[in-house]
Amino acid sequence: MNPVLKTLLVLAASGVLFLGGFSFKDLRAGRLPGSSAFAQAVPVTNKAAVKKTPTQIFSEEFTRISNQYAGDSDPKSLATAGFQGMMNALGDPHSIFMEPVFAREFEDSTQGRQFFGGIGARLSPDLLGVKVIQVFKGSPAIQAGIRTGDVIIGVNGEDVQGKDVDEIVGKIKGEIGTSVKLLVLRNGKDKVNFELKRDKIIPPSADANVIENTNVGYVLVTGFEAPTPRQFAEAIQELEDKKIEGLVIDLRNNPGGLLESAARMLSLFIDYKPVVTVISRGDVKEVVNSTGGIAKTFKYPVTILLNEQSASAAEIFAGVLRDYKLATLVGEHTYGKASVQNVIPLVDGSSVKITVAHYKLPNGDDISRKQDEDGVYLSGGIKPDVEVPLQLNSDVSYGDPKTDNQLKKAIEIIQQKNPKAKLLSLGIQGGAQRIPYEIQGEYRQAEDQARPENHHWVG
Amino acid sequence: MIGSGWAGLVYRDRVEMGPAPAAMPVTQNESPLLAQLGGKASIDERQKFFQLLDLVDRYYVEEVSDKEKLAVGAVRGMVTGLWDSRAQFLDKDQYTAYKGALGGELQGVGAEVRYRYDEVELNKFRELRKKMEAAKSSAEMEIPEDYDPSRLVPDLVVTYVAPNSPAAREGLKAGDVIDKIDGKRVISSRFRKELDEMFSQIRRGDVDPEKLAKLRKEYRDNIENSLIPARALDKLTVEKGAALKVTWLQGGNVKVPMTKTIGRSSVKASGHLPVGGNEVVQFWDGADALLAKAITGKSKVTLDLRGVSNGTLSNLRACLGVLLPSGTYGAVKNPKTGVLQPFKIDGKPGDKPSNIELITDATTQGNAAIFGQALLASGKARIIEGPPLPKDQPVVELIELQDGSAYLLPIGFFSSEVTK
């Protein structure tokens with residue numbers, strides 16, 4: 001699915017997205033209907049002497065449009081558009097109506113149930129095809145022997161070089177139980193043929209690896225879904241077994257998810273302590289605590305990577321660890337979503353996501369986003385301890401310290417705090433300025449091969 | 001997902017606020033065509049709406065004292081959800097500007113600007129929706145891979161420019177498409193396509209890292225420096241204030257852009273103007289009286305139907321009454337309901353011209369085309385210059401809501417062939 005759309009869907013969902021409703025001026029001024037415009041209005045047939053109730057207004061116009069409109073429309077979509085417009089009129093982008101199919105999609109994504117038929121690898125664009133960035137545990141890909149770094153150059157006998165990654169991914173995915181033939185380029189020279197049976201793939205929302213040539217662990221958390229806390233705990237355990245001396249938790253582009261999941265994950269770090277104070281209507285405050293008894297001692301420095309796409313639960317996770325001085329935040333400011341939503345299912349399968357509260361971090365911070373009338377960020381979100389804008393002049397592949405300057409900075413910070421943490425094989429400590437010239441050459445070469453910037457979950 | 005996801009977020013917050021429709025006179029609802037509204041609201045939908053209100057009432061983080069706002073929001077949603085260039089919701093300020101324009105007083109740069117959807121994208125979207133809804137139950141419904149309502153951003157098209165307005169002085173014309181305001185791109189489906197193309201190029205990569213970096217920066221800058229259509233429209237047609245630097249595509253042609261600084265001041269335009277011996281009728285309030293005065297004693301009248309404002313249906317009928325005796329000059333048909341309503345005109349006292357000449361061009365559409373067709377149907381008129389009139393022009397009604405907002409709803413198509 002189109003990545004822009006994906007974001008739109010997960011966060012906003014469905015149909016009348018563009019025109020569905022906020023009156024710009026009402027939003028901007030936050031005002032109630034003025035009387036001046038009303039007074040100037042010419043008398044027209046539709047205006048009743050007695051004020052209609054909101055339900056009457058809706059029902060009359062619904063009837064009028066469904067009966068009189070000359071074009072294509074069916075009552076169901078009309079009503080859906082109406083309900084979306086109604087929720088949009090609250091002026092809160094997080095309170096939305098979701099028609100059944102989107103409600104289901106949303107529910108599946110928060111429960112970590114979204115699956116597809118595929119091979120179980122994460123892929124990223126490459127000049128020759130698509131590069132395997134990661135192979136999921138227990139997947140058809142790992143069973144067949146596909147490795148990280150392999151470049152898929154052919155799918156079902158077709159050369160895929162130069163094709164768009166979405167298109168290639170579309171060819172690799174398919175119905176569960178069917179077969180797909182892959183031609184793989186290994187070590188840049190060996191061509192290997194594979195035939196795999198596609199299986200049901202649920203991409204993990206947290207998983208770990210030790211960064212190549214280092215003893216620093218890296219956990220990529222892509223969401224805060226229902227199964228994420230368990231996957232996160234397993235990832236940490238796996239890394240500790242490998243004797244890491246530092247940990248980078250990557251929350252960039254993480255749109256958040258369940259507050260409960262964030263609280264459970266924080267319970268590994270803080271023992272029964274306040275996570276957030278949730279404030280609902282009428283200033284009713286409720287403190288959410290981490291679970292007691294499962295916290296562990298982290299004997300190595302922890303850094304968290306953030307950017308403007310880190311939102312909601314990701315901001316809570318990062319903000320809480322910052323407030324308890326358990327992690328150093330690196331990267332760019334976060335989105336600034338300081339509200340909590342409930343999803344209320346309706347009988348016909350649709351649902352309403354509605355903002356029920358705001359929250360504050362342990363130190364009392366309100367991180368609400370402020371933006372100008374065109375939606376451009378002004379302030380809010382969590383400011384990282386060490387601000388590092390993503391360098392756009394290199395070819396970035398997230399999670400690869402050779403090209404990902406934010407990750408590189410996070411590793412440097414770990415190295416400064418813990419001398420045992422090293423970039424082992426390169427034997428360097430510190431930034432790009434210390435890299436010997438020859439190695440820079442290697443970097444360039446590596447960049448040229450690793451084109452990617454967009455990782456895709458594939459099957 | 002450096003670019004796209006980020007864009008998604010920014011995009012989302014902006015577009016959700018949604019373009020409000022154009023302050024664009026089309027018709028108004030004193031017409032008899034709307035009076036015979038029938039049918040009952042489905043109890044299901046009514047109950048569901050009530051249930052939603054109740055949920056908001058109980059759970060929303062702030063108390064919502066103004067529930068009318070929510071109902072009006074629902075109407076806005078329904079109208080915009082028709083994805084029809086002719087169906088537009090007007091918020092209170094826009095409706096005020098709209099009413100001003102009906103009196104010949106235009107705000108902003110002195111032009112009428114409206115939304116126009118990309119028909120190709122629209123049809124694709126409708127097909128996908130149909131495919132989705134073909135599922136037996138919602139549990140079986142799938143979201144197609146290429147389902148993307150965010151591609152349905154309308155273009156901003158100039159439909160009328162008032163003579164002597166700042167816009168007219170700088171050469172803005174009907175048919176032009178607004179591209180940039182004060183250096184910010186107006187989000188349109190074309191702009192969206194350009195962004196998609198740029199993004200896919202970024203993802204494909206380039207052997208030249210400098211080139212790639214440049215492209216990335218351009219992509220990001222492009223998104224940051226953009227305006228949602230509703231904002232652009234308000235700047236052009238509702239707001240007062242400093243002059244705007246406007247870039248438009250002449251005649252909608254990407255290859256001939258034009259950039260000028262256009263002042264904003266309220267312009268009073270006449271509902272009728274004689275131009276070089278020809279009569280130009282704007283279907284505004286009072287236009288019929290001006291027209292009657294202009295043609296007094298003339299047996300031959302030449303009407304220039306080029307670049308005419310849409311005005312209202314009732315003003316159009318009044319003007320026809322000046323030119324034609326009482327009678328039926330066509331019909332309005334609703335293809336969905338099959339209802340065919342005669343288009344009756346009440347003739348006004350006074351002499352009628354026996355010979356009416358029409359001048360048309362590609363901008364002769366909507367009410368101008370309906371006007372021309374009714375005249376042709378009378379047998380007294382002929383086109384002396386320009387193409388034949390487009391058929392099946394939509395007949396659009398205006399419905400006002402009690403909070404001072406309003407919406408335009410196409411209720412049928414004009415047909416001159418059912419006149420007998």
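Atoms considered below: every heavy atom in the structure, side chains included; atoms not considered: hydrogens, waters and symmetry mates. Proteins get letters first, then strands, A, B, ... in listed order; numbering begins at 1 in each.
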Checklist entry - Side chain, backbone, both or neither: which part of Ile354(A) has an atom under 4.5 Å from a heavy atom of chain B? => result side chain
Next on the checklist: Under 4.5 Å from any heavy atom of chain A, what part of Val56(B) do you find: side chain, backbone, both or neither?
Outcome noted: both
Next on the checklist: Looking at chain A, which one of Lys67(B), Lys333(B), Arg126(B) has the largest number of heavy-atom pairs inside 4.5 Å, strictly under?
Outcome noted: Lys67(B)
Checklist entry - What distance do Leu215(B) atom CG and Arg220(B) atom CZ have between them, rounded to the nearest 0.5 Å? => result 14.0 Å
Next on the checklist: Is Val352(A) in contact with chain B via its backbone, its side chain, both, or neither, using a 4.5 Å heavy-atom distance?
Outcome noted: side chain
Checklist entry - Going by atom types only, do Tyr407(B) and Glu400(B) share a side-chain donor-acceptor pair under 3.5 Å? => result no
Checklist entry - Which bit of Asn342(A) comes within less than 4.5 Å of chain B, counting heavy atoms only: side chain, backbone, both or neither? => result neither
Checklist entry - Partners of Phe414(B) by ring pair (Phe, Tyr, Trp, His ring centres under 6.0 Å), sequence neighbours excluded? => result Phe343(B)
Item to check | Side chain / backbone / both / neither for Ser339(A) at chain B, heavy atoms under 4.5 Å | outcome: neither
Next on the checklist: Could you work out, with ring pair (Phe, Tyr, Trp, His ring centres under 6.0 Å) as the rule, every residue matching Tyr359(A), not counting sequence neighbours?
Outcome noted: none
Next on the checklist: Checking Asn254(A) against Ser310(A): is there a side-chain donor and acceptor pair closer than 3.5 Å?
Outcome noted: no
Item to check | Within the 6.0 Å centroid threshold, strictly below: Phe83(A) and Phe58(A) | outcome: yes
Next on the checklist: Tell me which of these, Val64(B), Leu82(B), Val75(B), has more heavy-atom pairs under 4.5 Å with chain A than the rest.
Outcome noted: Leu82(B)
